[in-house]
J.: 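Sharing a structure below in structure tokens format, with a few things to ask.
Letters A, B, ... are given to chains in the order of the sequence lines, protein chains preceding strands, and every chain is numbered from 1.
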Amino acid sequence: MSEEKSLNFLEEIIENDIAAGINNGRIHTRFPPEPNGYLHIGHASSICLNFGLAKKYNGLCNLRFDDTNPSTEETEYVDSIKADVRWLGFEWANELYASDYFEQLYNFAVKLIQKGVAYVDDSSAEEMAAQKGDIGKPGINSIFRERSIAENLLLFADMRAGKYPDGAKVLRAKIDMTHPNLLLRDPIIYRIKHVAHHRTGNKWCIYPMYDFAHGQSDSIEEITHSICTLEFIHHRPLYDWFIQQLEIFPSHQYEFARRSVSYMITSKRKLLQLVNEKHVTGWDDPRMPTISGMRRRGYPAVAIRQFCDTIGVAKRENLVDIGVLEFCVREQLNKTANRVMAVLDPVKVIITNYPDGQTEQLIADNNTEDEHAGTRLLPFGKELWIERDDFMEEPAKKFFRLGPGLSVRLKHAYIIKCDSFEKDENGTITEIHCTYMPDSKSGSDTSGIHVKGVIHWVSAIHAHQAEVRIYDRLFTVEDPANAEGDFKDHINAASMHVLPRVMIEPSLSKAAIGAHFQFMRKGYFCVDTDSTENKIVFNQTVGLKDSFAKEMKK
RNA sequence: AGUCCGAUGGUGUAAUGGUAACACUACAGAUUUUGAUUCUGUCAUUCUAGGUUCGAACCCUGGUCGGACUACCA
């Protein structure tokens with residue numbers, strides 16, 4: 001009964017708050033993306049946290065789009081974000097938009113003016129920057145700081161009415177130009193932008209700054225625990241100041257360290273660059289760390305959730321080994337993916353003592369890890385395709401596969417022995433000649449022969465062809481965001497290999513888009529969205545562990 | 001320079017004043033009709049100097065190191 005799992009620091013805060021009766025034990029979180037890009041693995045972490053916490057403590061979690069900058073935001077992104085959150089397995093209590101609060105936010109600003117703690121400033125961006133001071137050096141007051149309340153009210157109304165061009169005026173909070181926290185040196189809270197908004201159209205020509213929208217949006221929604229990443233820690237005093245001045249619901253913000261994963265990049269700006277400059281085929285390129293990319297690559301949602309859970313949450317910087325993510329993916333797929341046979345790099349095997357033209361149907365289990373997975377029929381014949389690297393002309397030590405005089409088990413089928421082989425003028429093996437042991441058939445083996453190696457194969461006359469895309473990490477360095485030079489200098493030029501002529505067993509030819517398989521002894525693969533009626537395309541999701549390859553490297 | 005945040009095996013996370021643990025990785029072995037899976041084992045950890053205490057990863061003080069902050073972005 002006492003399967004006590006330790007709490008992370010946020011759970012601890014929440015449990016303490018519940019125990020103290022704060023908000024009567026009500027828990028309400030939110031996931032607040034800006035719709036200016038696709039969600040990535042870092043967002044997945046935040047989604048799992050916010051939705052997960054709400055679920056664990058019988059609370060609610062909103063999906064709120066922080067859409068305060070119309071220049072960068074688009075409906076396409078809204079749609080993709082909703083799809084990704086749902087695919088990850090979460091459903092929001094309310095779908096909300098900061099833009100829904102524009103009128104209320106405007107009134108909040110008016111209230112600050114009336115209280116004498118906000119003013120309209122005509123200074124240019126350069127002037128304000130100059131007056132701001134510096135780290136460790138106090139700023140100086142703007143000459144517009146002491147305008148009368150009446151004048152500020154009038155000016156702000158005129159800003160809304162569109163009487164001024166972009167950049168002519170801003171509304172600022174009047175706090176303290178000498179504050180050690182730069183964010184409290186009279187921050188801008190409204191700016192003029194004659195730009196259409198993806199939801200409000202041309203209704204507004206002034207837009208609140210993120211800092212004047214985010215905290216109040218949380219407050220309006222009565223979010224109890226407003227969870228965000230560490231870089232917003234300096235903003236908290238500002239949000240608290242607004243809440244206090246406006247006398248509205250006191251949401252509390254808590255910050256955690258964003259999760260970095262090795263060989264990945266999670267800057268929306270940089271990801272957008274990869275897309276725009278065609279280093280990848282799109283936001284959902286299977287090499288991208290986006291949720292849509294990982295989905296297309298074949299990572300199961302449950303694996304991503306498990307990953308987020310495994311790496312936990314804390315406040316220190318981190319760089320999580322991508323191997324942990326791959327482990328979670330393999331662990332899920334091992335339980336769920338049906339086993340099939342596909343030969344990625346084919347070489348012909350001819351079984352000389354097998355009758356010409358004969359075929360037989362073998363029974364193959366789909367997944368021994370899943371007792372409900374069932375079996376399928378697998379055709380066998382005289383000519384087979386096997387993997388080129390399952391044959392060695394001069395077998396290495398401990399090579400348990402095919403080579404002159406060596407015997408091997410064909411999975412689900414017979415034991416064969418290699419008698420001879422043929423090469424072309426380049427030294428490439430073209431054909432391998434074997435004999436099979438008729439009494440060694442899987443399931444009814446009476447041969448008494450024991451072989452150590454088992455290889456996969458596909459019957460040549462029954463084989464279908466497929467394109468398979470093999471992926472490697474997108475970057476060559478562990479931490480591309482912090483590596484020397486531009487992050488694009490570290491793009492892995494060989495991050496994708498296309499195998500145009502892979503031999504697949506016939507059962508695979510009608511697999512549905514998105515279906516997961518284990519290609520035995522090779523890895524996990526899924527059917528790509530590029531597949532058509534006549535051509536099926538597979539993505540390699542992740543390879544199998546390969547202790548033999550590791551051994552050979554030594 | 002100022003303010004704030006952080007520091008536990010190679011990596012990530014626990015231990016909340018009482019034997020430093022779990023996962024991944026690495027390594028070794030067992031099982032295996034996937035060199036997969038599974039199972040067993042091994043290596044390896046509290047930034048530093050003081051203080052409080054019977055007892056400190058934990059509390060206090062100083063230091064060191066790392067990070068964040070100076071957009072009409074979020």
J.: Can you measure A:Arg258 atom CZ to B:rG67 atom C1' for me and round it to whole angstrom units?
T.: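 So the two atoms are 13 Å apart, to the nearest Å.
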
J.: Testing the 3.5 Å rule here: is there a donor-acceptor pair between the side chains of A:Asp186 and A:Tyr119?
T.: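 Looking only at side-chain atoms, A:Tyr119 and A:Asp186 do form a donor-acceptor pair, the distance falling under 3.5 Å.
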
J.: Atom NE2 of A:His214 to atom P of B:rA74: distance rounded to whole Å?
T.: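 Rounded to whole Å, this separation is 12 Å.
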
J.: Donor-acceptor pair under 3.5 Å: do we get one between A:Arg521's side chain and the base of B:rU34?
T.: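 Between B:rU34 and A:Arg521, which were checked side chain against base, a qualifying N/O pair under 3.5 Å is absent.
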
J.: Starting from the 5' end of RNA chain B, give me the residue, A:Arg259 or A:Asn69, whose nearest nucleotide shows up first.
T.: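 Here A:Arg259 is the residue nearer the 5' end.
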
J.: Once you round it to whole Å, what is the distance between C1' of B:rA68 and CG of A:Asn318?
T.: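 Roughly 14 Å, once rounded to whole Å.
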
J.: For the side chain of A:His235, starting at C-beta, report the closest nucleotide among B:rA74, B:rC4, B:rG2.
T.: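 For the A:His235 side chain, the nearest candidate turns out to be B:rA74.
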
J.: From the set B:rC69, B:rA23, B:rC72, return the single nucleotide nearest to any side-chain atom of A:Arg191.
T.: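 My answer, after comparing the listed nucleotides, is B:rC72.
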
J.: Nearest whole Å is fine: how far is B:rU34 C1' from A:Phe525 CZ?
T.: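 To the nearest whole Å, that distance equals 13 Å.
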
J.: Rounding to the closest angstrom, what is the interatomic distance between B:rU25 and B:rG6 at atom P?
T.: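 Per the computed distance, 31 Å lies between those P atoms.
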
J.: Counting the atoms with a prime plus P, OP1 and OP2 as sugar-phosphate, which does A:Ala314 contact under 4.0 Å by heavy atoms, base, sugar-phosphate, or nothing?
T.: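 Contact class for A:Ala314: sugar-phosphate only.
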
J.: For A:Ser442, answer base if it contacts any base atom (sugar-phosphate contacts may also be present), sugar-phosphate if it contacts only those atoms, and nothing otherwise; contact means non-hydrogen atoms under 4.0 Å.
T.: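 Counting heavy atoms under 4.0 Å across all strands, the contact made by A:Ser442 includes a base.
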
J.: With a 4.0 Å cut-off on heavy atoms, is A:Gly443 in touch with a base, just the backbone sugar-phosphate, or nothing at all?
T.: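 Base, at least one base atom sits under 4.0 Å.
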
J.: Tell me whether A:Lys169 forms a cation-pi arrangement with A:Tyr164, defined as NZ or CZ under 6.0 Å from the six-membered ring centre and within 45 degrees of its axis.
T.: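 Flagged: A:Lys169 positioned over aromatic ring of A:Tyr164.
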
J.: Just to verify, which of A:Arg172, A:Arg147, A:Lys174, A:Met177 counts as forming a side-chain contact (heavy atoms from CB on, under 4.5 Å) with A:Ser142?
T.: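 So the option named by the test is A:Arg172.
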
J.: Side chain of A:His234: nearest nucleotide among B:rA68, B:rU34, B:rA1?
T.: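 Nearest to the side-chain atoms of A:His234, counting from C-beta on, is B:rA68.
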
J.: Considering only the P atoms, how many Å lie between B:rC5 and B:rA74, rounded to the nearest integer?
T.: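 Going atom to atom, P in each nucleotide, I get 26 Å.
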
J.: Expressed in whole Å, how much space separates the P atoms belonging to B:rU52 and B:rU64?
T.: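 Straight-line distance between the two P atoms is 23 Å.
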
J.: As a test of reading the structure: which of B:rC4, B:rA14, B:rU33 is closest to the side chain of A:Ser6, going by heavy atoms?
T.: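 From the listed options, B:rA14 comes nearest.
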
J.: Can a side-chain donor-acceptor contact be found between A:Arg376 and A:Asn366 if the only test is distance below 3.5 angstrom?
T.: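 There is such a pair between these side chains.
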
J.: For A:His456, report the nucleic acid contact type (base, sugar-phosphate, nothing); a contact means any heavy atom under 4.0 Å.
T.: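 Nothing: the residue A:His456, judged by heavy atoms under 4.0 Å, touches no strand.
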
J.: May I ask you to say what A:Arg185 touches in the nucleic acid, namely base, sugar-phosphate or nothing, with a heavy-atom cut-off under 4.0 Å?
T.: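 Nothing: the residue A:Arg185, judged by heavy atoms under 4.0 Å, touches no strand.
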
J.: Record whether the side chain of A:Arg339 comes under 3.5 Å of the base of B:rU37 through a donor-acceptor pair of N or O atoms.
T.: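 Under the 3.5 Å cut-off, the side chain and the base do not form any donor-acceptor pair.
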
J.: Could you state the CG-P distance from A:Leu333 to B:rU38, rounded to the nearest angstrom?
T.: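 That distance rounds to 13 Å.
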
J.: Do A:Arg521 and A:His456 pair up side chain to side chain, a donor and an acceptor below 3.5 Å, judged on atom types alone?
T.: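 A:His456 and A:Arg521 do have a side-chain donor-acceptor pair below 3.5 Å.
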
J.: Among B:rU11, B:rU70, B:rG35, which nucleotide sits nearest the side chain of A:Asp321?
T.: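 The answer is B:rU11, which lies nearest to the side chain.
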
J.: Give A:Leu230 one of three labels, base, sugar-phosphate or nothing, depending on what nucleic acid heavy atoms sit under 4.0 Å from its own.
T.: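 No contact at all - A:Leu230 keeps every heavy atom at 4.0 Å or more from the nucleic acid.
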
J.: Just to be sure I understand the rule, does A:Gln518 reach a base, reach only the sugar-phosphate, or reach nothing, if contact means heavy atoms closer than 4.0 Å?
T.: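 Base contact.
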
J.: Have a look at A:Val324 and say if it touches a base, only the backbone sugar-phosphate, or nothing, with a 4.0 Å heavy-atom cut-off.
T.: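 Sugar-phosphate only.
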
J.: Taking all non-hydrogen atoms of both residues into account, name the closest pair between A:Ala413 and A:Trp457 and its distance.
T.: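 A:Ala413 and A:Trp457 have their closest heavy atoms at CB-CZ2, 3.9 Å.
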
J.: Is a side-chain donor-acceptor pair under 3.5 Å present for A:Thr72 with A:Glu34?
T.: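 Side-chain D/A pair, A:Glu34 to A:Thr72: present.
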
J.: Tell me the interatomic distance from A:Glu317, atom CD, to B:rU8, atom C1', rounded to whole angstroms.
T.: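 Those two atoms, CD and C1', are 16 Å apart.
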
J.: Using a distance-only test with no angle check, is there a side-chain donor-acceptor pair under 3.5 angstrom linking A:Tyr524 and A:Glu326?
T.: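 There is no such pair between these side chains.
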
J.: Any side-chain donor-acceptor pair under 3.5 Å between A:Asp211 and A:Tyr239?
T.: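 Side chains of A:Asp211 and A:Tyr239: pair found under 3.5 Å.
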
J.: Applying a 4.0 Å non-hydrogen cut-off, can you work out what A:Phe232 is touching in the nucleic acid: base, sugar-phosphate, or nothing?
T.: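 Base, at least one base heavy atom under 4.0 Å.
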
J.: Mapping A:Leu319 and A:Lys137 onto RNA chain B by nearest heavy atom, which one lands closer to the 5' end?
T.: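 This one resolves to A:Lys137.
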
J.: Taking all atoms of both residues into account, what is the closest heavy-atom pair of A:Ile265 and A:Pro289, and its distance?
T.: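 Here A:Ile265 and A:Pro289 meet closest at O-CG, 3.1 Å.
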
J.: Sticking with atom C1', work out how far B:rG35 lies from B:rA30, rounded to a whole angstrom.
T.: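 Here B:rG35 and B:rA30 have their C1' atoms 15 Å from each other.
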
J.: Side chain of A:Lys193, heavy atoms from C-beta onward: which of B:rA36, B:rA1, B:rC73 has the nearest atom to it?
T.: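 The answer is B:rC73.
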
J.: Identify the stems formed by RNA chain B, where each pair is Watson-Crick or G-U wobble with both distances under 3.5 angstrom and a stem is at least 3 consecutive pairs.
T.: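 Stem list for RNA chain B: B:2-7 with B:64-69, B:10-13 with B:21-24, B:26-30 with B:38-42, B:47-51 with B:59-63.
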
J.: Nearest of B:rU25, B:rU33, B:rU70 to any side-chain atom of A:Lys545?
T.: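 Of the candidates, B:rU25 comes closest.
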
J.: Using a cut-off of 4.0 Å on non-hydrogen atoms, how would the nucleic acid contact of A:Met209 be classed: base, sugar-phosphate, or nothing?
T.: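 Counting heavy atoms under 4.0 Å across all strands, the contact made by A:Met209 is with sugar-phosphate only.
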
J.: Base, sugar-phosphate, or nothing for A:Phe400, non-hydrogen atoms under 4.0 angstrom?
T.: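 Contact class for A:Phe400: base.
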
J.: What's A:Arg401 touching, base or sugar-phosphate or nothing? Going by heavy atoms closer than 4.0 Å.
T.: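 Touches a base.
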
J.: Output the rounded distance in Å from CG (A:Asp365) to C1' (B:rU37).
T.: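 Checked: the CG to C1' distance equals 13 Å.
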
J.: Using a cut-off of 4.0 Å on non-hydrogen atoms, how would the nucleic acid contact of A:Asn8 be classed: base, sugar-phosphate, or nothing?
T.: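 Since only primed, P, OP1 and OP2 atoms lie under 4.0 Å of A:Asn8, the category is sugar-phosphate.
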
J.: Give A:Phe399 one of three labels, base, sugar-phosphate or nothing, depending on what nucleic acid heavy atoms sit under 4.0 Å from its own.
T.: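 Base, at least one base heavy atom under 4.0 Å.
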
J.: Nearest whole Å is fine: how far is B:rU70 C1' from A:Ile175 CD1?
T.: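 Taking atom C1' of B:rU70 as the reference, CD1 of A:Ile175 is at 15 Å.
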
